[in-house]
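In what follows, a structure is listed as structure tokens, so that the remarks can point back to it.
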Amino acid sequence: MLDLKKLIDGMTVEEKIGQLAQFNANVFSGSDADITGPLVKNGLTGDDLYRIGSLLNFKDSKEMNELQKRHLEGDRNKIPMVFMMDVIHGYRTIFPIPLALGGSFDTELLEECTRMSAMEASSAGVQVTFTPMVDYVRDARWGRVMETCGEEPMLNGIMGAAQVKAFHGEDMSKFGGLATCVKHYAAYGGAEAGRDYNQVELSEHILREFYLPAYKACIDAGVDMLMPSFNVLNGVPAIANSWLMKKVLREEWGFEGVVISDYNAVGELITHGIASDKKEAAKYAFENGCDIEMCSNGYIKHLNEMIEENIFTEEQLDAVVLKILELKKRLGLFEDPYKGASPEAEEKICLTAENRALVRKAANECAVLLKNDGVLPFSKECKKIALIGPFADNHNIIGFWSCCGKNEESVTVKQGIQSKLPDVEIKVVKGCSNKWNEIDKSEFDEAVKAARESDIVILCLGEPQNYSGEGNCRSDLDLPGVQNELAEKVIVANSNTAVLLFTGRPLAISKLDSIAPAILNMWFPGTEGGNAAADLLFGDANPSGKITMTFPKSVGQCPIYYNHTNTGRPISKQRDEMHNPYASNYIDCGNLPLYSFGHGLSYSNFVYEGMTLSKKEMNSDGEIKVTVTVYNDSDIAGKETIQLYMRDLVASTARPVQQLIAFKKITLNPKERKTVEFTVTEPMLRFWNSENEFISEKGEFTLSVGYADNMYYTESFSLK
Ligand code: BGC
């Protein structure tokens, strides 16, 4: 039996500190000349190299195996390094971005996709993934909204917890089992003005009710690691924020896992103006419980010195090393430091036909039919198709954070339609660029001609995939460049047009919405995007995705979200388009968004036929059964997510106008009717009050079924 405590006793302080250091694989790789560069840049010596506890961003199993072998030969303690990477929405076979997957409301699908990516990543040598990312978001300008499941705290938590379990698999110590790291704790998604890395200033009740629950859900699901966020939260950067890192995380929630800084976040304490030098930065991070320092050298350079100066004790260091070694042990690395990763395994496991079929299914389930005046689904009997727009034959649709996925391995819309309808004539015209600074209308005439001469037009618009993701924020949320003008001309030429939208965030596409007969939002659908688009456009798949982040009418409405409070001067839905003086509204734009959280159409016609409550009063230890009946009044089988919302009408803290408390996704065959049942209990009614307690208050509540401003039924009950 491996005795970790004994192992630690035999280590020098430098060796112990090495376990707390993580660097990019390039500090190791290549020739001596290559080594000198990154080594010098990171202030490392040759000896430091053999002590490093973990690496990130290596290429593949070949590099991983070489690095591990070299390390084990040089490390007298024979402690394997642990290899980490961001496996966000697939490793090599890429599935839709998390913002899209959230809208599938399908945890089983997410688990299936996650298991597939765990197997692929494992074959390439990844042992820990920096997933799930569960940052709560309300502002579509922020580029990283694509990594989360959106503006609903409960949904984010459920999806995050599902990923933790799926990455672990049956046995984390075996091939295919990955450890997980929840991020970015906390409230990174609350960046002011939607600008990445910007400060966050939030009251405790907003934090507790909206921003913190998903991290906690992942901890309850057994997440192994946690990454503090880059941002300043209420004045102090997360990594040095003792309220966040000590009081809430360790004391209240009892998190015992490994905390890893974000990339150079320890070093950035100096830039924030919180620490005067690296030593002070390392001190703040270590004393607030940051165990591993990613890509800066404060610990390697100064921790030993601080132990000698009695700022920290060697016992404190030992406790951290033990946690890290325990993680390596749980991962099975002491038995097999390579965990079965090999080029042969990669070849066998990655990008198989089976994996492609799964991500095609996922892309079908995640697409959201935003609008349909009846043009979709298109008939396969058509003779000539005009495929117009910058995404018509574009491989760059897998989305940001695609790990080792390759754009060139994705299926374009053109390829997808061609393989579905090999005998149909397809005319492709790019029409214009999707970039904001490329204004060229020279292909407009050709696009209009193609539209006129075709039976149907598929207009493929959106924003480039590198307009979302880390560091990619926008101050304008409309379609970049001259895409709106192209759309206008093409739709005038042929009204039998459907728009396929590619995006990593909600876009403010009011103009497009006002002219397009149909809009099918593909998000960034992944490797099989083009095939999924063809399935959906021609009715081989029926759209069932919902949006989990509100689409604003204009960027000025941001932040905009469904679970807002009422204000003392609300306006009614009917008056939305008018300026209502001395009410909470805009002069030039109503309060309603373009598309609300929970919106998503289908080719089926779902009719909500009724909602009943088992009783009208509930004690705090009781429950109410809610039944909802839905009928598919169409000839097309489809899936519908039934969403149950709650409103607390009177409470000591102003409550949101709606809060999602439960959902169920069902399949309905043509003319089929189903009744689903929800159970409402007191904990679902709780909120964070001004006394800093999570409580419910007695009184009147409503329960509604539908979504946002489109509730089909509302019933009330009282909590006694
Ligand atoms: C990101 C993290 C990521 C890390 C490692 C950082 O820039 O903020 O989300 O896990 O890099 O790649």
Side-chain angles (χ1 to χ4, degrees), residues 21-27 38 42 52-60 63-64 81-91 97-99 117 121 124-137 142-149 156 160 163-164 167 178-191 194-200 214-215 218 223-233 237-239 257-269 271-272 285 290-297 399-405 466 468-473 504:
Q22 175 168 107
F23 288 96
N24 262 308
N26 70 357
V27 295
N42 288 293
I52 289 175
S54 57
L55 287 185
L56 82 159
N57 294 345
F58 53 101
K59 277 202 278 311
D60 51 20
E63 187 182 26
M64 180 265 168
M81 289 192 292
V82 49
F83 289 78
M84 310 196 184
M85 219 186 265
D86 296 275
V87 187
I88 307 292
H89 54 114
Y91 174 78
I97 57 172
L99 189 58
S117 61
V126 184
Q127 296 151 355
V128 176
T129 172
F130 300 118
T131 336
M133 190 285 209
V134 292
D135 295 334
Y136 179 73
V137 287
W142 194 49
R144 302 195 76 168
V145 300
M146 50 106 5
E147 288 171 63
T148 146
C149 288
N156 251 322
Q163 286 175 72
V164 170
F167 270 120
L178 263 66
T180 49
C181 175
V182 63
K183 66 190 187 185
H184 307 84
Y185 178 77
Y188 185 30
R195 182 158 51 77
D196 208 358
Y197 318 118
N198 205 5
Q199 69 167 17
V200 179
Y215 308 109
C218 294
V223 79
D224 311 274
M225 296 177 60
L226 174 139
M227 186 187 289
S229 48
F230 282 125
N231 56 284
V232 162
L233 177 63
I239 196 162
V258 175
V259 169
I260 184 167
S261 82
D262 204 341
Y263 206 103
N264 189 35
V266 177
E268 286 172 20
L269 286 175
T271 335
H272 278 298
C290 172
D291 303 315
I292 299 181
E293 180 183 14
M294 183 196 287
C295 295
S296 55
N297 55 14
F400 202 93
W401 285 116
S402 284
C403 207
C404 292
N466 62 358
S468 57
E470 186 174 355
N472 301 322
C473 302

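All ligand and atom numbering here is 1-based and tracks the order in the structure.
Annotation: the span from M294 atom CE to S261 atom OG amounts to 6.0 Å, rounded to 0.5 Å.
Using 4.0 Å as the threshold, R144 has a heavy atom nearer than that to some atom of ligand 1.
The ligand atoms of ligand 1 that sit less than 4.0 angstrom from a heavy atom of D262 are 1 (C), 2 (C), 3 (C), 4 (C), 6 (C), 7 (O), 8 (O), 11 (O). Near F130, the atoms of ligand 1 lying under 4.0 angstrom from a non-hydrogen atom of the residue are 10 (O). Short contacts between ligand 1 and L56, defined as distances under 4.0 Å to a heavy atom of the residue, involve ligand atoms 5 (C), 12 (O). Close contacts between ligand 1 and K183 involve ligand atoms 2 (C), 3 (C), 9 (O), 10 (O) [criterion: under 4.0 Å to a heavy atom].
Neither the backbone nor the side chain of M85 comes within 4.0 Å of ligand 1, counting heavy atoms alone.
Protein heavy atom in closest approach to atom 7 (O) of ligand 1: E470 OE1, 2.8 Å. Closest to atom 10 (O) of ligand 1 among all protein heavy atoms lies D86 OD1, 2.6 Å.
Remark: ligand 1 and Y263 share no N or O pair separated by less than 3.5 Å (distance only, no angle test).
Applying the salt bridge (charged side-chain N to carboxylate O under 4.0 Å, His left out) rule to D196 yields no partners; only residues at least two apart in sequence or on another chain are considered. Applying the salt bridge (charged side-chain N to carboxylate O under 4.0 Å, His left out) rule to D262 yields no partners; only residues at least two apart in sequence or on another chain are considered.
A donor and an acceptor atom, one from each side chain of N24 and Y263, are located under 3.5 Å apart. Using modelled atom types, one finds a donor on one side chain and an acceptor on the other under 3.5 Å when comparing D224 with T180. Between the side chains of Y188 and E147, no donor-acceptor pair of N or O atoms lies under 3.5 Å.
Nearest to atom 9 (O) of ligand 1 by heavy-atom distance, out of H184, E147, M294, is H184.
Here the side chain of T148 pairs no donor or acceptor atom with the backbone of V145 at under 3.5 angstrom.
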